[in-house]
2 protein chains.
Amino acid sequence: MLGNDGEALPTAAKEIPPELQGLRMTKQRREVYSVLLHNRDHPTANEVFGRVQADMPSISLATVYNCLDALVDHGLINRVNFDREPSRFCVNLTPHVHFQDKKSGVIHDLSFKDGCQITDVLDLPNGTEVSELELTIRGFLPKGS
Amino acid sequence: MLGNDGEALPTAAKEIPPELQGLRMTKQRREVYSVLLHNRDHPTANEVFGRVQADMPSISLATVYNCLDALVDHGLINRVNFDREPSRFCVNLTPHVHFQDKKSGVIHDLSFKDGCQITDVLDLPNGTEVSELELTIRGFLPKGS
DNA sequence: AGACATAATTAGAACTATTCTAATTATGTT
DNA sequence: AACATAATTAGAATAGTTCTAATTATGTCT
């Protein structure tokens, strides 16, 4: 259903980054994280479940939810919400927003223009502390992108 | 739970704007819309249900959902989603984003700086057509705003 | 290594916001 | 008034997610 952006990807498992400190890296969490690293198409929990089952048929859906929560809590992945659709998960930790192409359904990560952030264009009271910010866009990409 | 921003508000019912063309204005839809106009605190469907029941005890929750959907479809109100929490509803039709103060829980409408829009700071491919865009922010307002 | 405390996993039940179904009622039109 | 159509309603159904309680794994301390 959803495609893959096709970037070069690390081979995971062996290359799990140091943010993992403080998170008990169980087989299940490693596998969930690895699945997310290998196919960065913003899968839902259920899609992750399906992919993990290929390597680990005995895992339960509850565990997938638990693992995803743990990874989000430790800042290794992000949760992405479009409206009230099922949450999706994203390993891209750089500041970005999400754009879903209405033709293909593919979700793309969109960066900011150099040196820009969203709050540059917003009328925020001086001294406001932003803790969480989520921007989702749907639309049509130009032909041939 | 949620407060009211305290703006001057029209008395509704009598002052329903012309966008209503094409929408059959039933007692229930009028009442739902009127409730939203009178207290602009971004209530959930369930909160709207509770408020409408004061004037119209026989209304059903399904009708409230139907009415909200109809009003959204006709562009009279907007649906607001924070994560996967219950949808909230907003009569403000001007371009704005939503900020929830983590201290009070109150949701504020935030405007753009003069002449700015979000896409100004985003790296969108040239010719991208944006159909829907939602930005939600959570954080802390400075003391005494 | 063995024993212990703690945390993670699991299956399944439970929960909640929302949507659906089918029957009834209201609306606007001829 | 009669008709066709759309809206309302109660309640059942659905779907994503969370909870519960039992089991298993993990890391630590001796």
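The sequence lines fix the lettering, A, B, ..., with proteins before strands; numbering per chain opens at 1. The figures here come from the full heavy-atom set of this structure, side chains too, leaving out hydrogens, waters and symmetry mates.
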At under 4.0 Å, does any side-chain N or O of S87(A) touch on OP1 or OP2 of dT17(D)? yes
If you compare every side-chain N and O of T63(B) against the phosphate oxygens of dT9(D) (OP1, OP2), does one of them come in below 4.0 Å? yes
Nearest listed nucleotide, side chain of [X], among [options]:
X      : options                  : value
P86(A) : dG16(D), dA6(D), dT9(C)  : dG16(D)
A62(B) : dA7(D), dT10(C), dA10(D) : dA10(D)
S58(A) : dT19(C), dA6(D), dT10(C) : dT10(C)

Evaluate the salt bridge (charged side-chain N to carboxylate O under 4.0 Å, His left out) criterion for residues K113(A) and D120(A): first the C-alpha distance (whole Å), next the side-chain angles of each, then the deciding distance (0.1 Å), finally the verdict. CA-CA 11 Å; K113(A) 287 183 180 166; D120(A) 293 345; over 6 Å; no
Which residue lies toward the 5' end of DNA chain C, T26(B) or R84(B), if each is placed at its nearest nucleotide? R84(B)
Figure out the [atom1]/[atom2] separation between [X] and [N], and round it to whole Å.
X      : N       : atom1 : atom2 : value
N66(A) : dT24(D) : CG    : C1'   : 14 Å
K27(B) : dT25(C) : NZ    : P     : 13 Å
R29(B) : dG28(C) : CZ    : P     : 11 Å
E47(B) : dT18(C) : CD    : P     : 11 Å
Q28(B) : dA26(C) : CD    : P     : 9 Å
Y65(B) : dA12(D) : OH    : P     : 18 Å
D69(B) : dA7(D)  : CG    : C1'   : 13 Å
R24(A) : dA5(C)  : CZ    : C1'   : 10 Å

Would you kindly confirm whether V91(B) and F99(B) end up in one hydrophobic cluster when ILVMFWY residues are joined by side chain heavy atoms under 4.5 Å apart? no
Assess the residue pair L135(A) and L133(B) against the criterion (side chain to side chain contact (heavy atoms under 4.5 Å, CB included)); give the C-alpha distance rounded to whole Å, side-chain angles, the decisive distance to 0.1 Å, and a yes or no. CA-CA 7 Å; L135(A) 172 56; L133(B) 184 153; 3.7 Å; yes
Nearest 0.5 Å, please: how far is CG in N46(B) from CZ in R51(B)? 11.0 Å
Any chance you could measure E132(B), atom CD, to Q100(A), atom CD, to the nearest 0.5 Å? 9.0 Å
Which is more 5' along DNA chain D, the nucleotide nearest L61(B) or the one nearest E85(A)? Just name the residue. L61(B)
